[in-house]
Student: 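Pasting a structure here, questions to come.
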Amino acid sequence: MYIVTESKPYKRKYLIKIKTTKKEEEFIISEDLMVEFRLVKNKELEKETFLKFKEAFKRDELYQKVLHYALYKQRCTYDIEQYLDKKQIFNNNQKYYLDKLRKTGILDDKSYVQNYVNEAFNYKRYGSQKIIYELTKKHISKVLYQPEIDKIKEKDYINNIQILFYKKLKSIKNKSMKVAIQNIKQFIINRGYSYALVNNVVDNLKYEIEKTVDEDQSLNKDYLIAKKKYSKDKTKEYQNILAYLLRKGYTYNKIKKRMGANYEAD
């Protein structure tokens, strides 16, 4: 026979002592286990019940860790599965933990998707393509994410693209217009927006780039760098400088104008 010799609250849990035939064992258990086994002081347990309790205790210890992980920030099923994998709990053995989290409402992939899409789009300024990519990595099905993606209106996409445009514009310095435009477009596209929409919005804001980028000043700076770099070989100097500046995105006519018709060294 096994007897509960002590049962009292302990740091939001319960301290339980059970006297066995050979020794007294101590357990710090959750309220769930306390309720399940009704471990009040002086209660007598059969050997089978005690062994079931010890097995449940071991499982509940891990569940409390999983619960803490799940409550730290919202998680999806894939997150919990990965966490359990690290704890060496695989496949069907994960079902107990996943079911228990779902039953309490702590694990809810639909809610996770709704919150993720809202945060990713409105705060991180991700476009739908990046949002879908990130959710797919988490093994979220299209059935869950597509309805949330469909709620996003085109005007909101355009607003986000404009916000990202002005954010990137602040860092555009010493560039040709062509490279400046390419850099801004690529920055926004990498955030998950369609090329067609980005192209349209950025092209309509080109005047803002023209106000920010001093292409003549940038060309002059790059020209002087190229001239210093290629001045050793006079036979190829002109072609090397021209090629260098073309790669930088300056137009042929602007380069010719800066270099001079007969290319007179400065």
Student: Check this for me: does any side-chain nitrogen of one of Lys58 and Glu61 sit under 4.0 Å from a carboxylate oxygen of the other?
Tutor: no
Student: Can you pull out every salt bridge (charged side-chain N to carboxylate O under 4.0 Å, His left out) where at least one residue sits in residues 165-188? Sequence neighbours excluded, please.
Tutor: Lys185-Asp203
Student: Is any NZ, NE, NH1 or NH2 atom of the basic residue among Glu208 and Lys211 found under 4.0 Å from an Asp or Glu carboxylate oxygen of the other?
Tutor: yes
Student: Are any of the side-chain nitrogens in Lys138 or Glu134 under 4.0 Å away from the carboxylate oxygens of its partner?
Tutor: no
Student: Is it true that, when you exclude Phe90 itself, more than 12 heavy atoms of the residues, nucleotides or ligands shown sit nearer than 6.0 Å to its CZ?
Tutor: yes
Student: Salt-bridged, Glu6 to Lys8, with N to O below 4.0 Å?
Tutor: yes
Student: Check whether Tyr126 forms a cation-pi arrangement with Lys130 (NZ or CZ under 6.0 Å from the six-membered ring centre, at most 45° off the ring normal).
Tutor: yes
Student: Identify whether the distance between the nearest side-chain nitrogen and carboxylate oxygen of Lys254 and Asp216 falls below 4.0 Å.
Tutor: yes
Student: Parallel under 30°, tilted from 30 to 60°, perpendicular over 60°: which one fits the rings of Phe37 and Phe53?
Tutor: perpendicular
Student: Step by step, would you call Phe121 with Tyr157 a ring-ring contact (aromatic ring centres under 6.0 Å, His included)?
Tutor: CA-CA 9 Å; Phe121 185 77; Tyr157 280 117; 5.4 Å; yes
Student: Does the structure place the NZ or CZ of Arg75 under 6.0 Å from the centre of the six-membered ring of Tyr69, at an angle of no more than 45° from the ring's axis?
Tutor: yes
Student: What distance separates Ser30 OG from Asp60 CG, expressed to the nearest 0.5 Å?
Tutor: 3.5 Å
Student: Any salt bridge linking Arg102 with Asp99? Criterion: basic side-chain nitrogen under 4.0 Å from a carboxylate oxygen.
Tutor: yes
